[in-house]
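Notes follow once the structure below has been shown.
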Amino acid sequence: AQAKRGGHFKAGLSGANTSDSWDGRTHSDLFMIASAQGAVFDSLTMVAADGTLVGELAESWEASPDAKVWTFNLRKGVTFHNGKSFGADDVIESLQMHVAEGAKSAAKPIVSAIAEMKKLGEHQVQFTLQSGNADFPYLMSDYHILIYPAGMIEEAIAKGIGTGLYQVESFDPGVRMVAKRYPNHYKGDSAGFFDSIEYIAINDNTARMNALLTGQVHAINRIDFKTEALLKANPAVRIQEVTGNQHYTFAMLTDVPPFNDVNVRRALKYAIKRQEMVDKILLGHGMVGNDHPIGPANQYFAADLPQLEFDPDKSRYYLKQAGLDSLDIDLSASNAAFEGAVDAALLYQASAKECGININVIQEPADGYWSNVWLKKPFCAVYWSGRATEDWMFSTAYEEGAPWNDSQWDSKDSARFQELLKLARAELDSEKRRAMYREMQDILRTDGGVIIPMFANYVQGVSNQIATPEIIGNLWQMDNARMAERWWFA
Amino acid sequence: MSRLLEMRDIWIEGRTDEEWIPIINGVDLTLDKGEVLGLIGESGAGKSTLGLAAMGYTRDGVRISKGSVVFDGIELTTAPARVKRDLLGRRIAYVAQSAAASFNPAHRLIDQHVEAPVVHKVMSREEAMRDGIELYRRLRLPNPEEIGFRYPHQVSGGQLQRAMTAMAMSCRPDLIIFDEPTTALDVTTQIEVLAAIRDIVEQFDTAAIYITHDLAVVAQMADRIKVLLKGDEVEEAPTREMLAHPKEDYTKSLWAVRSFQRPQKPPAPPDATPVIRVDHVTAAYGKVPVLFDVSFDIHAGRTVAVVGESGSGKSTAARVITGLLPPRQGQVFFKGEPLPADYRHRTKDQLRQVQMIYQMADTALNPRKTVGEIIGRPVEFYLGLKGTKKRERVRALLDAIELEPDEFIDRLPGELSGGQKQRIGIARALAAEPEFIICDEVTSALDQLVAEGILRLLARLQDELGLSYMFITHDLATVRAIADEVVVMKDGRVVESGPKDEMFTPPHHPYTDLLLSSVPEMDPDWLTNLLAERGVENIGDAAAGRM
Amino acid sequence: MSFWATILLSLAAIAVAAWVFRWGGQKLTNNRPFFRDMPFGVAFGYVFGAVALAGVVHLYVLARTLPPAEANKYFFFRLAVEGFIGFSIAAWLFRAAGRRIGTQASRKLFRQMPLTAAFGIMIILAYAFVAIFAGWLAPYGQEEVLGAANVVPGGDPAIGGDPRFPLGTDQIGRDILSRLIYGAQNTVGIAFVTTALAFFLGGSFGFLAATLGGWLDQLLSRFVDVLMAIPALIFALLLMTIATVWAPKLGIPLTVFMVIIIAVIDSTRVFRLARAVGLNIVVMDYIEAAKLRGEGLGYLIFREILPNAYAPLLAEFGLRFCFVFLTIASLSFLGVGIQPPLADWGTMVRDLAQFINFAAFAPQVAVAPLLAAGAIALLTVAVNFVVDWMLQKSSGLKE
Amino acid sequence: MGAILKIIAQRLVLGGVTLLVVSLVIFLAVNALPGDFAEAILGQGATPEAIEAIRRDLGLDRPLWERYLVWLARMLQGDLGVSFAQLNFQSNLGGTQLKTVAEQIAPRFANTIFLAGVTAAIAVPVSLMLGVLAALYRGSIFDRAANIFTLTSISSPEFFLAYILILFLAVLNPVFPSLSNIYEGMSFFDRLERTMLPALTLTLVVTAHMMRMTRAAIINLLASPYIEMARLKGLSPMRVIVVHALPNALAPIINVIALNLAYLITGVVVVEVVFVYPGIGQLFVDSVKIRDIPVVQACCLIFAGAYILLNLTADILSILSNPRLRHPK
Ligand SMILES: Nc1ncnc2c1ncn2[C@@H]1O[C@H](COP(=O)(O)OP(=O)(O)OP(=O)(O)O)[C@@H](O)[C@H]1O
Ligand SMILES: Nc1ncnc2c1ncn2[C@@H]1O[C@H](COP(=O)(O)OP(=O)(O)OP(=O)(O)O)[C@@H](O)[C@H]1O
Ligand SMILES: [Mg+2]
Ligand SMILES: [Mg+2]
């Protein structure tokens, strides 16, 4: 269908907080991502709904052969909402704020990998990286890295001044955000079809659902799986469901016995019923995992790897290989890890029992889970939202020495993996990279310290008054949080 | 004379626990214009119920089951509510027993006064106010212009009672029901109110039903007297005739209650140690001084009556003796030994020796304990008796207070009459086997007949056990009946004290004199004579002085 | 606007009807006192009541006769009416039975009992029965994981139901009906223990303060003031969050903490009442008599004061119980109350609440959450009815 | 009058002291919460260094008593401080675009007051009227129906009432919106419309209490001699109750109204959650979640302050309604 202009779009979104602000460095949940990157601000690049990378404020980019030096050509004639015109200074200053003294930015690792930023012209910047990274343009689409007007960043953060399709009208943290279409946007008629948008913070599941059903909003995120069947029966709304990179894991510390023994890890991998987990924890709204963190939304997802299955014999076999008859271990879980983590742990406990493994499920308090349990307890439940690129994912959670390497996965466990990681990063040839990433996925699958039983779908509800493109982004909820840009009134 | 009110064969019942119990059984009552009828009977006889029925009104839970009430040709029992409301306040008015409780504490006197005339459209508000002030003046209230603008709590009891009479008069009704208007007042105040009521009723030639349980009072007020007993009419006759020749036995017994009189014991030898000596005691509640340099002795086997108007400090003296209120200065001696000022520092034996009987038997007995437990506790506590021995002792005590042990030992206080409760209180005091008992107004909440029984019991116990009593009262008749010595108190000081006979023979201290002369007598002309003697202005002054 | 206009017009119509009703009544009955003395407001009330009743009947008939799709709208109305009538009849039968069976005293009690109180007693007995025999009544265990997870309530396979689980199953396939039944055991039992503890604490300290007075009274009262100035639910929320760390550390179930926390917070209210009641009793002459006798504190409190405070305390116990019950439910609703795997009604309401949104076209599914919430409401209503009656009886007001 | 002023002054001082102790209790309780702002805000990103950095920035590494005293000193100067969330940005920016806690709370508190106000505007007159009528026609069908209805509504959990109202007034008959997300710049009537469902829910919760107290207080007085006197003056039943009983029943009624108003301000977390109403209760719960101590403290102080102030007002009004105290001898 042809997109039409007009209308006031309202969405009820979860993940809002009273401490929200327009500071991209602090964004972590849907409400602000959809408001900032999804409407008011732009980044240099953007992942399109089909997963390809396109330019946003950058028109084009090229790399040196070793993928160390990247030159970005910026879009011309772009203005901020306050009238200031956009240029190279804005990019450099906006990136520097992530590595400024005392700044606490989630994108700090990305930006600190840049050794030098150079303004080549009013609309051209050059980045020299510490080491080659073929995915660098992808990293520039990170939702933390928003472009602010240079010299007035503070004011821009206070008022929400960006180059995005929509201009802030009012913003009440934790309550509501209203914005109207910015008239002369460079994306012109190709995006941003609503006259104005209103994002309403509704953290309560029931209230959100009610708002959609009573027509008080046009779209909501995170539909409770339980009610999905009923929602489908309602003619006024439809359900969008996409499989992304979001995955739930059980991570073991590979430097702590007994998990330092690869045979124990393998025994555990065969002792879990993955399909049952998807059915019961996700109610079928997801995909079984294969113990590597690369999902269908990733470019080099190795769909052809054999699927790990529940197999008591193999499990016992590996247990014997490890010199054990039976195994008693503690598994820490809390619903802070992911919704249903405790139930998942209990299911795991039941299936492992058939393999002679006794899992003692410890229900940890939700508060302080991330600081007291994760990375500290040898075996615990974890949630990952996934990353847009393989390298990004691996270097966050599997690279030797990475702070969030929650299995303490290092070259002692697999020197090959760590080596491949570096090679693939600097490799610009796509086919070679594919092969390398496939091998890495396989290593994790067979030897890795993380059990990844399932990938969870994003399930969201949309009123039939709203039309959407055929392909819905699967990197994030709500069409990669860009419904304001891509949807329109039917 | 024309008939104003005619009640024929009135039957009234009240509801208790889903059952209707008769209160008035077929009483007739007639009243002519300008006539005053006295209605007399003991408490619970149904006087108030009958008086209210004369207004066509019954309290919640009470109904007129049979009979007719015709007021000036209007049948009240079947009249529409609107018609009755129109009569009430305008043509029939009511003066309640306790003016303090019957004035609404939230409104000024004058506002309550003008309410009836304004609602009944008899007068405008301004007229009613002016008229109210005029009535206050006639009733000899002090500052008539200003007093109406006070709230009820800012006005003394006697004045309130007169203000209520004024309020009843506000629409110049044809009939006023006075329901024990002076019962709650001191004898000295009572005179003023009686005089004022009689005056105003005569001036406006209003018919009235005057309810009381005090014969001497009704003798002053009524043209005719009707005697009620448990809802039945006993007899009715013109006042003088009734006083001179009561026909029925019950009426005669009413006339005779003051018969009990105990001979005064000879004074104790001057060198005898008193059981209790109150020695120059000054006491205060917080900063408010109440007792000033009070001294008196109580000797073994004697009864010392402490009299005085309300608030004069009688009970406070008792609290000092028991140790509940440690005095500022002075001391209390028991048989020559000083008693610690605070009861908490007294030994068990010292506590045992001083016992107390309270005025309100209702609050003095724990309603959740049986008679046996109440009396048994001190027996066990002080004497250490347990089991059957304790039970024996309790039974003996019940015998001593003339209650049948088998019948009463397992009852709760709620199942006893007022007089019986008071007897249990006495038994509890006796159970400690004390030498000295304080009786704080033990008879003032009781009917005369019952009260007399209690007095006789106390006297008998004194003779048998050699007890000493401190007998607090404001009723001079009681003093006359039981006391050996009398202490008169006023405003926290002892005004006069001495043997009873001395006290009742002139010359008196002026205050004692006022007290003595204010006690009504059975003579219908007593009030007239007294007023003539004292002079009307005198009473007005006294009233003003009481503010 | 037409909404308000309709309302105004109907009120006017009722007013006219009321006038006609009174006038007609007077004429027809020859001015019987009932009609003769009737104020207009009362006449209005009667007509208004009659109209409301007629409306109820009309809607009920609609609910029963309309085709199912449209009747959906009146489904809950129908349920409410049927429930009301059903419970009324049950209560009436219960009272009638009580009047015939039992001892002299119990029969007398039932004779004086209003229907509401009979209803209350009946419900309380029923809950006690369900709580005690939960294991026997429930079709499945409260923690039993059955094959089918997330069965939609209502038992209609078309929208994801299953007749074997009339109220559906939860996330991991536990039968909701069974959990509802076990909920009686857990929720009611815990609330009862909590209330009892609150009474023990508040009552003892309250009477102590009343009897001793002085600085102890001041201290306790001020302390209670402070606790009461912090909103109960919020304070409980705060403390429960703290307890979530300590519970696993100390190895004590979180529920124990909850009982203690709520009991302490609630005991402040009990303290106030106990102190007030105590103060009223302490001024009685019989207490003075006991003090003058030299009795100790224990005797004063337990033998003299307590027996006289039973009536108000018992009534308060009922009210407190409801309060505690609701607090626990609210805490569970907010996610910090009774912890899984124990079944509890507050949590169930929260988990099932979303089904209410579908009431318009699938009313059966909305029944489940309302049933859990209704189970809470029903018991508190019942307790309140009984308390109300007891208070009325003890206050001796003849009405 | 002097006596009354003295009582008021006494109560005010007492209220102040209570508030102080409350603040200490709350401070201790909030600090006893597991984890702290740094851990809460960082979530999965909670590396020891990052936590240390934030803690240092916020002064969370200072000893407890020192933090309390600093906070107290500031508060006594009327400065509620800046929320941790804001302070956290400050270190990001080094700038001055900070919202103080007061600024943060003010609009939320205004919303809460609005909800409480709307509820009170419905509930207080309705319950007084119902109470008076029930007392007047005690024992009648009306009295019993009112009794059953109010008992039922007071006995139901708030979320139950809320969902029932949503069911009937938003889902089955869309009369009112179920989403009460009011915001600045909304017209008064829009605001009113959106607040209607939570206000009705709360009305159901508080009416019963007030109505029953009114009824009981009046009935209590009906047996008193001055009411009998008023009847015997031939006054109409309505006048007897309104003019003679009500003024004397004011003290308990005022008290129960104050208690319920306090509840409307402090106890509506559940209702706010269900209707997504941006009131102070929501803010409080959110702030507890991220351990934003300045905000939590400020909210608690407001709650306690509202409670104490309302009770104080009730006390004073009761005193003023009592002629014995208003017009001493
Ligand atoms: N509302 C009522 N319901 C049931 N019984 C009542 C009610 N009021 C009074 N009675 C009973 O009626 C009887 C007469 O009461 P009434 O008040 O007329 O007595 P009285 O002669 O005025 O006594 P008193 O001197 O104490 O005022 C008493 O036994 C009392 O218990
Ligand atoms: N607890 C108290 N605190 C303060 N003042 C009190 C207290 N009890 C009594 N008073 C005051 O002390 C004075 C004397 O009171 P007391 O009770 O001794 O009088 P009384 O002569 O026994 O009077 P009555 O005949 O009314 O019993 C009165 O003015 C009274 O108001
Ligand atoms: Mg009487
Ligand atoms: Mg006295």
Side-chain angles (χ1 to χ4, degrees), chain C residues 3 39 41-42 45 49 72-77 114 116 222-223 225-235 237-239 241-242 244-246 322 325-326 329-330 333-334 346 349-350 353 356-360 366 369-370 373-374 376-385 388 395 397 399, chain D residues 14 17-19 21-22 25-26 29-30 32-35 133 137-145 147-148 151-152 154-160 163-164 166-168 171-173 175 219-220 223 237-238 262-263 266-267 269-270 273-274 281 284-285 288 296 299-300 303-305 307-308 311:
Chain C
F3 175 69
V42 174
N72 274 346
K73 197 164 170 175
Y74 305 108
F75 178 83
F76 286 96
F77 187 79
T116 47
R222 293 294 80 79
F223 178 70
D225 278 353
V226 168
L227 285 191
M228 286 186 71
I230 309 172
L233 187 64
I234 277 173
F235 202 29
L237 211 66
L238 213 58
L239 295 182
T241 318
I242 297 174
T244 45
V245 217
W246 287 100
C322 296
F325 195 65
L326 293 181
S330 292
F333 179 76
L334 293 172
V349 177
R350 186 190 47 173
I356 291 175
N357 291 322
F358 301 95
L370 291 182
I376 301 172
L378 199 62
L379 180 59
T380 40
V381 169
V383 173
N384 265 322
F385 278 161
D388 197 46
S395 76
L397 278 176
E399 290 181 42
Chain D
L14 203 65
V17 173
T18 309
L19 216 53
V21 182
V22 167
V25 171
I26 295 295
V30 175
L33 283 175
L133 285 178
Y137 298 110
R138 62 193 176 288
S140 70
I141 295 189
F142 169 77
D143 180 28
R144 268 180 248 171
N147 195 31
I148 291 178
L151 265 185
T152 308
I154 203 177
S155 310
S156 306
E158 281 165 27
F159 48 83
F160 180 58
Y163 285 139
I164 293 264
I166 289 183
L167 178 64
F168 282 105
V171 174
L172 293 180
N173 310 290
V175 180
I219 287 183
N220 235 335
M238 201 59 171
Y263 179 77
T266 63
V269 178
V270 172
V273 167
V274 172
F284 175 84
V285 172
V288 168
V296 173
C299 288
C300 279
F303 290 149
Y307 177 88
I308 291 171
N311 270 313

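Within every chain, numbering begins at 1; the chains are lettered A, B, ... in the order of the sequence lines, protein sequences first and strands thereafter.
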In terms of heavy-atom proximity below 4.5 Å to chain C, should [X] be classed as side chain, backbone, both, or neither?
{"X": "D/V273", "result": "side chain"}
{"X": "D/V274", "result": "side chain"}
{"X": "D/I141", "result": "neither"}
{"X": "D/F142", "result": "neither"}

Other residues, nucleotides, ligands: >12 heavy atoms within 6.0 Å of D/Y137 OH: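 Correct, the count exceeds 12.
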Proximity breakdown for [X] and chain D, heavy-atom pairs closer than 4.5 Å:
{"X": "C/F385", "answer": "both"}
{"X": "C/S330", "answer": "both"}
{"X": "C/L233", "answer": "side chain"}

Relative to chain C, which of [options] shows the most heavy atom pairs under 4.5 Å?
{"options": "D/V25, D/V285, D/V17, D/I148", "result": "D/I148"}
{"options": "D/I164, D/N147, D/I166, D/T266", "result": "D/T266"}
{"options": "D/L14, D/N311, D/V269, D/L133", "result": "D/L14"}

So, taking the atom named CG in D/L167 and the one named CZ in C/F75, what distance separates them when rounded to the nearest 0.5 Å?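 Answer for the CG-CZ pair, D/L167 versus C/F75, is 10.5 Å.
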Can you name the residues that form a side chain to side chain contact (heavy atoms under 4.5 Å, CB included) with D/L19, not counting sequence neighbours?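 Side chain to side chain contact (heavy atoms under 4.5 Å, CB included) list for D/L19, sorted by chain: D/L301, D/A304, D/I308.
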Taking all heavy atoms of D/Y307 and all of C/A229, pick out the closest pair and write down the distance.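 Heavy-atom minimum between the residues: CD2-CA, 3.4 Å.
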Could you report the tightest heavy-atom contact between D/A29 and C/I242, atom names first, then the distance?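 Distance-wise, the nearest heavy atoms are O-CD1, 3.1 Å.
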Select, from C/L227, C/I230, C/L237, C/V383, the one with the greatest count of heavy-atom pairs under 4.5 Å involving chain D.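 Winner by heavy-atom pair count: C/I230.
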Quick one: of C/L379, C/L326, C/L378, who has the most non-hydrogen atom pairs under 4.5 Å with chain D?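 Going by pairs under 4.5 Å, I would pick C/L326.
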Excluding sequence neighbours, so at least two apart, what forms side-chain hydrogen bond (donor to acceptor under 3.5 Å, both in side chains) with C/R222?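 Testing C/R222 for side-chain hydrogen bond (donor to acceptor under 3.5 Å, both in side chains), a comparison that skips the adjacent residues, returns C/Q218, C/D225.
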Please examine the side chains of D/V22 and C/F235, heavy atoms only from C-beta on, and report whether any two atoms are closer than 4.5 Å.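 They are not in side-chain contact.
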